Peer 1: 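I'd like to ask some things about the structure below.
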Amino acid sequence: MIWLVMVLTGLINFIFRISMFSGFRNIHLPPSFHRYVSYVPISVLSAIIASSLVTHNGHEISYDVGKLVAAFIAVACALLTKSVSVTLIVGLITVWII
Amino acid sequence: MNQKEFFLGVTAMLPLLLGVVPFGLVFGVLGISSGLTETETILMSSIVFAGASQVVFVQLWAAGSAYFVIGSSVALINLRHVLYSASVAEYLKKLSFKWRIILGYLLTDESFAVSIKRLSTHGESRPVHFFMLGSGLTLWLAWQISTIAGVIAGSTIPENWELAFAIPLTFIAIVVPLLKNTPTIICALISCLIAIFGQSLPWNTWIIVAALGGILAGASIEKWKPRK
């Protein structure tokens with residue numbers, strides 16, 4: 001089953017990528033499309049970051065202090081260095097130490 | 001084969017691999033630790049071939065999410081490729097079908113970023129499709145090799161190294177530099193809140209609700225108060 005889902009999502013990706021130069025050139029993107037799409041990466045990635053740091057089971061919130069601290073240090077690191085590798089290494093080392 | 005354009009594309013991509021390779025490693029590790037087989041993890045990098053959406057796919061799959069949630073999350077994350085496709089289309093009009101298929105498959109954030117500069121400055125005078133091929137193939141190869149390396153690491157590194165935590169860290173490294181103004185910050189905050197408090201929603205639909213909530217919040221604020 002995973003193969004079917006994987007191939008279908010791969011196909012959707014491929015269709016998006018060739019959508020505008022595949023011959024269907026008459027598709028017109030509404031101007032607001034660009035505005036909405038520009039927020040997709042921020043929104044999706046933030047949701048994943050939050051859900052891996054804090055969980056809520058309907059009644060109470062639970063979190064791991066070490067991971068929260070490491071995440072805050074990673075945010076500072078990303079602001080200062082803008083480097084994926086540095087942020088990743090500093091964040092991992094923090095969570096190992098705590 | 002225009003080797004000069006091809007290698008210009010390869011060279012333009014090299015600095016960006018610093019961000020891509022750790023991400024590929026992390027994805028490989030995650031695939032294995034989420035219970036996918038080595039073959040599934042490695043082939044996903046060429047079938048889906050889109051970093052963030054592969055991570056979301058694997059996490060949602062491991063959590064036993066509904067297939068439509070996995071499919072629509074991946075589609076939502078990759079919707080931006082339609083914009084890239086539209087931007088490069090006018091430079092690729094004269095290419096054969098085969099070329100368009102190959103360049104379309106290789107279109108990613110990174111290859112778009114390096115190619116659009118070259119296309120807009122030399123699109124008329126040079127065979128820039130070789131530039132796109134060079135940059136696209138370089139990224140593709142780096143993504144495949146780093147995934148394989150991650151899969152090998154994932155099968156050997158003990159679990160208490162907390163490597164799964166590399167996912168939120170990688171995403172923090174990607175998102176934080178994008179938070180430049182009020183709409184982007186509000187978008188991130190709304191999405192985080194919905195993601196935390198929506199976790200008991202059925203079939204893991206929290207991810208879609210959180211994503212749409214953040215997008216709507218950001219885009220509406222921008223509409224009232226346009227970016228300068």
Side-chain angles (χ1 to χ4, degrees), chain A residues 1-3 5-10 12-14 16-23 25 27 29 32-58 61 67 70-71 74-75 77-79 82-88 91-92 95-96, chain B residues 18-19 22-23 40 44 47-50 52 56-57 61 67 70-71 74-83 85-86 88-89 92 100-101 104-105 107 162 165-178 184 187-188 191-192 195-197 199-200 207 210-211 214-215 218-219 222:
Chain A
M1 199 62 204
I2 190 166
W3 288 108
V5 183
M6 206 192 293
V7 168
L8 283 177
T9 52
I12 295 172
N13 274 356
F14 179 65
F16 284 166
R17 286 170 161 145
I18 62 161
S19 57
M20 294 297 144
F21 47 101
S22 56
R25 286 208 205 92
I27 303 173
L29 299 173
S32 56
F33 185 77
H34 193 279
R35 191 172 74 238
Y36 286 106
V37 169
S38 69
Y39 289 95
V40 172
I42 298 173
S43 195
V44 174
L45 300 185
S46 303
I48 294 167
I49 296 167
S51 72
S52 53
L53 293 174
V54 182
T55 50
H56 182 261
N57 62 7
I61 289 181
K67 284 186 180 164
V75 167
C77 202
L79 278 174
K82 294 193 167 58
S83 154
V84 176
S85 315
V86 175
T87 308
L88 189 56
L92 278 178
V95 86
W96 289 335
Chain B
L18 271 175
F23 197 1
E40 285 162 358
M44 189 181 288
I47 296 175
V48 179
F49 186 44
V56 173
F57 185 119
W61 181 270
Y67 301 141
I70 300 177
V74 171
L76 183 64
I77 298 168
N78 291 314
L79 206 52
R80 65 189 191 285
H81 291 132
V82 174
L83 293 177
S85 185
V88 297
L92 308 175
R100 289 189 217 165
I101 292 285
Y105 169 70
L107 196 59
E162 298 272 13
F165 191 57
I167 295 296
L169 290 175
T170 310
F171 286 172
I172 286 173
I174 297 173
V175 167
V176 168
L178 299 175
T184 49
C187 164
S191 172
C192 285
I196 292 167
F197 292 101
Q199 271 167 34
S200 39
I207 184 147
I215 293 163
E222 184 188 326

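Given the structure is predicted, the values throughout are model-derived calculations rather than measurements. Proteins get letters first, then strands, A, B, ... in listed order; numbering begins at 1 in each.
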Peer 1: Give, as side chain, backbone, both or neither, the part of B:I174 having an atom under 4.5 angstrom from any heavy atom of chain A.
Peer 2: side chain
Peer 1: Got a second to check how far A:N13's CG is from B:Y105's OH, nearest 0.5 Å?
Peer 2: 10.0 Å
Peer 1: For A:S52, is it the side chain, the backbone, both or neither that has a heavy atom under 4.5 Å from a heavy atom of chain B?
Peer 2: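 When you check distances to chain B, only side chain atoms of A:S52 fall under 4.5 Å.
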Peer 1: Quick one, A:L8 with B:Y67, criterion side-chain contact (heavy atoms from CB on, under 4.5 Å). Give me CA distance, side-chain angles, the key distance, then yes/no.
Peer 2: CA-CA 10 Å; A:L8 283 177; B:Y67 301 141; over 6 Å; no
Peer 1: Is a donor on one side and an acceptor on the other found under 3.5 Å between the side chain of A:S85 and the backbone of B:L18?
Peer 2: yes
Peer 1: Hey, does B:E40 have a side-chain heavy atom less than 4.5 Å from the side chain of A:I2?
Peer 2: yes
Peer 1: Shorter than 4.5 Å, heavy atoms on both sides: which option in B:S200, B:A52, B:G218 has the most such pairs with chain A?
Peer 2: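 The option with the most such pairs is B:G218.
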Peer 1: Heavy-atom cut-off 4.5 Å, strictly under: side chain, backbone, both or neither for B:F49 against chain A?
Peer 2: both
Peer 1: Given that the side chain runs from C-beta out, which part of A:S83 has a heavy atom under 4.5 Å from chain B: side chain, backbone, both or neither?
Peer 2: backbone
Peer 1: Could you walk me through whether B:F23 and A:L88 satisfy the side-chain contact (heavy atoms from CB on, under 4.5 Å) test, starting with their C-alpha distance in whole Å, then the side-chain angles of each, then the deciding distance to 0.1 Å, before giving a yes or no?
Peer 2: CA-CA 9 Å; B:F23 197 1; A:L88 189 56; over 6 Å; no
Peer 1: Check whether B:F57 gets within reach of chain A through its side chain, its backbone, both or neither, counting any heavy atom under 4.5 Å.
Peer 2: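 Answer is side chain: those atoms of B:F57 sit under 4.5 Å from chain A.
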Peer 1: Between A:R17 and B:A50, which heavy-atom pair has the shortest distance, and what is it?
Peer 2: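 Result for this residue pair: NH2-CB, 3.9 Å.
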Peer 1: Please state whether the side chain, the backbone, both or neither of A:V95 comes within less than 4.5 Å of a heavy atom of chain B.
Peer 2: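 When you check distances to chain B, only side chain atoms of A:V95 fall under 4.5 Å.
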Peer 1: Side chains of A:M6 and B:W61, heavy atoms from C-beta outward: is any pair under 4.5 Å?
Peer 2: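 Result no, sub-4.5 Å side-chain heavy-atom pair not found.
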Peer 1: Do the non-hydrogen side-chain atoms of B:F171 and A:V44 ever get within less than 4.5 Å of each other?
Peer 2: no
Peer 1: Between B:S85 and A:I18, what is the shortest heavy-atom contact and its length?
Peer 2: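 Heavy atoms only, the tightest pair is OG-C, 3.8 Å.
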Peer 1: Looking only at heavy atoms, what is the nearest atom pair of A:H34 and B:L83, with distance?
Peer 2: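 Closest pair (atom of A:H34, atom of B:L83, distance): CD2-CD1, 3.7 Å.
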Peer 1: For B:F165 and A:A70, work out which heavy atoms get closest and say how close.
Peer 2: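 Nearest pair, atom of B:F165 first, then A:A70: CE2-CB, 3.7 Å.
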Peer 1: Would you name the heavy atoms of B:I215 and A:S43 that are closest together and state the gap between them?
Peer 2: N-OG, 3.5 Å
Peer 1: Roughly how far, to the nearest 0.5 Å, is the CD1 atom of A:I42 from the OG1 atom of B:T184?
Peer 2: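 Reported to 0.5 Å precision, the distance equals 5.0 Å.
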Peer 1: May I ask you to test the B:L107-A:F16 pair for a side-chain heavy-atom distance under 4.5 Å?
Peer 2: no
Peer 1: Who among B:I172, B:V175, B:I77 has the most heavy-atom pairs with chain A under 4.5 Å?
Peer 2: B:I172
Peer 1: Heavy-atom distances under 4.5 Å only: say whether A:F14 touches chain B with side chain, backbone, both or neither.
Peer 2: side chain
Peer 1: So which atom in A:L92 and which in B:A166 form the shortest heavy-atom distance, rounded to 0.1 Å?
Peer 2: CD2-N, 4.3 Å
Peer 1: Answer yes or no: is there a side-chain heavy-atom contact under 4.5 Å between B:L79 and A:Y36?
Peer 2: no
Peer 1: Are B:V74 and A:I12 side-chain neighbours, meaning at least one heavy-atom pair lies under 4.5 Å?
Peer 2: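 Contact flag for B:V74/A:I12 side chains = no.
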